[in-house]
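Quick caveat, the model's predicted, so the values are computed rather than measured.
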Amino acid sequence: MFSVTELAKMLGHSGGAVGNACETLVVQGGAERVGSKPRMYRATPKTAAAAQRAVLLQPTPGPTPPAPRQASSAPAQPPTAPPGGRPLPIRRPNGQHYHPRALAQLPDVEALRRLREAGVAVLLYGPPGTGKTSLIEAAFPDLITVAGDGDTTVGDLIGEYTQDSSGGYEFIYGPLVTAMQEGRALLLDDATLISPKVLAALYPAMDGRRQIQVKAHKGETITATDGFYVIAGHNPGVHGAVLTEALASRFSVQIQVGSDYDLAASLKINRTAVRVARHLATSQQAGEVGWAPQLRELIAFQKISDVLGTEAAFANLVGIAPLEDRDVVAEIVTKALGRPITALALGRQL
């Protein structure tokens, strides 16, 4: 039985990489987590087989490939690409697959993992439904997620007192403290909806100090262990989302994320629906419309089509468009299908 720190020292690899690999093995049944403070792991009957399958991540060929990485006997992350092949889909915690995209001549999942090892914080920005959260979940199996909104408090991040079964009160650590103590990745989803005053409690953990003070719990000081990492998501078009200078300055790498309509086509989503989405995306960039279906909406389209039929799926696509864009969307869908399409609605009594 070993802790992440012990394994990292033995293997000569970063705590973040080892922690990620251990969590991946847990998901695959190749290891068992038996402690959380610190994280402790032990082997299972499947560990030996998992070690034989382990393949080090290889960079995607490009004109200026990164320097070769030193080989390690640490349990490896699932490979993002087979030799000479396309990136492999990666299973997310909800069972769905994420299909990697290119980022700096690497599969995006591998690029994020390398940035974590280097301690470089990343902000992903783009419309809702483009796959920001899916990418982060695929990259970091040990992820803890905070769903940000205007009501998020410092207590939601750091922790607060909660009544126990005996009627007393105990302090329950929040996701930030948990991630710091266990050396895990922390996602601030919709970070720009969180009040800047609340986010300020996070900043000492992200700078050189890597510490926070829990004033509500006896002024306790929490120091981040190896592997702790913060990544954030930002939806610029969402009402109330404000990317402050203080927040932006904490994220040295900022990556725009848009929908991959080629991926939508390869996933066997209705070709006309993909064509309509591309048309609307082009119109959106030209300022002619404010909304376009993203990959999330297209995946939902296909599921609805499989259950209720293509006509209902297109009617629903019109219906989910914002009211101010609905007429334009209906016109484009009608033109694409050659027949009138209106928002999905109940009809006469059967």
Without hydrogens or angle criteria, can the side chains of Ser259 and Thr130 be said to hold a donor-acceptor pair below 3.5 Å?
no

For residues Asp189 and Thr133, is any side-chain donor paired with an opposing acceptor at under 3.5 Å?
yes

Answer whether the closest heavy-atom distance between the side chains of Gln294 and Pro127 falls below 4.5 Å.
yes

Under 3.5 Å, side chain of Asn270 to main-chain N/O of Ala273, donor-acceptor pair present?
yes

Among all residues two or more places apart in sequence or in another chain, which pass the side-chain contact (heavy atoms from CB on, under 4.5 Å) test with Ala121?
Met206, Phe251

Does any N or O in the side chain of Arg91 come within less than 3.5 Å of the main-chain N or O of Gly95, such that one atom is a donor and the other an acceptor?
yes

Same apolar cluster: Phe301 and Val274, side chain cutoff 4.5 Å
no

Show the nearest heavy-atom pair for residues Asp325 and Trp291, with the distance to one decimal.
OD2-N, 3.3 Å

Taking atom NE2 as the centre, does His217 end up with more than 12 heavy-atom neighbours from other residues, nucleotides or ligands that are less than 6.0 angstrom away?
yes

So, does Gln284 use its side chain to make a donor-acceptor pair with the main chain of Gly290 at under 3.5 Å?
yes

Tyr261 reachable from Phe314 in the ILVMFWY side-chain graph, under 4.5 Å edges
no

What I'd like to find out is whether the side chain of Gln254 reaches to under 4.5 Å of the side chain of Leu243, using heavy atoms alone.
yes

Is it true that Asp108 and Tyr98 share a donor-acceptor pair across their side chains at a distance under 3.5 Å?
yes

So, Glu220 and Tyr173: side-chain donor and acceptor under 3.5 Å apart, yes or no?
yes

Taking only Lys NZ, Arg NE, NH1 and NH2, and the carboxylate oxygens of Asp or Glu, determine whether Glu182 and Arg184 approach each other closer than 4.0 Å.
yes

Report yes or no: does Lys132 contribute a side-chain atom to a donor-acceptor pair with the main-chain N or O of Val257 at less than 3.5 Å?
no

Asn235 side chain vs Gly237 backbone, donor-acceptor pair below 3.5 Å:
no

Is the backbone of Ala313 close enough, under 3.5 Å, to the side chain of Asn316 for a donor and an acceptor to pair up by distance?
no

Any side-chain heavy-atom pair from Pro175 and Leu186 closer than 4.5 angstrom?
yes

Tell me whether Glu110 is salt-bridged to Arg114, with the criterion being a basic N under 4.0 Å from an acidic carboxylate O.
yes

Name of the residue among Leu157, Ile172, Ile212 meeting side-chain contact (heavy atoms from CB on, under 4.5 Å) with Val177
Ile212

Flag yes if more than 12 heavy atoms outside Glu324 fall under 6.0 Å of its CD atom; otherwise flag no.
yes

Using a strict threshold of under 4.0 Å (side-chain N to carboxylate O), is an ion pair present between Glu311 and Arg339?
yes

Do Arg116 and Phe140 form a cation-pi contact, if we require the NZ or CZ to be under 6.0 Å from the six-membered ring centre and within 45 degrees of the ring's axis?
yes

Distance-only polar pair, side chains of Gln213 and Thr221, donor-acceptor under 3.5 Å:
no

Test the Arg250-Tyr203 pair against the cation-pi criterion, namely NZ or CZ under 6.0 angstrom from the six-membered ring centroid and within 45° of the ring axis.
yes

I'd like to know if the side chain of Asp260 and the backbone of Leu263 have a donor-acceptor N/O pair within less than 3.5 Å.
yes

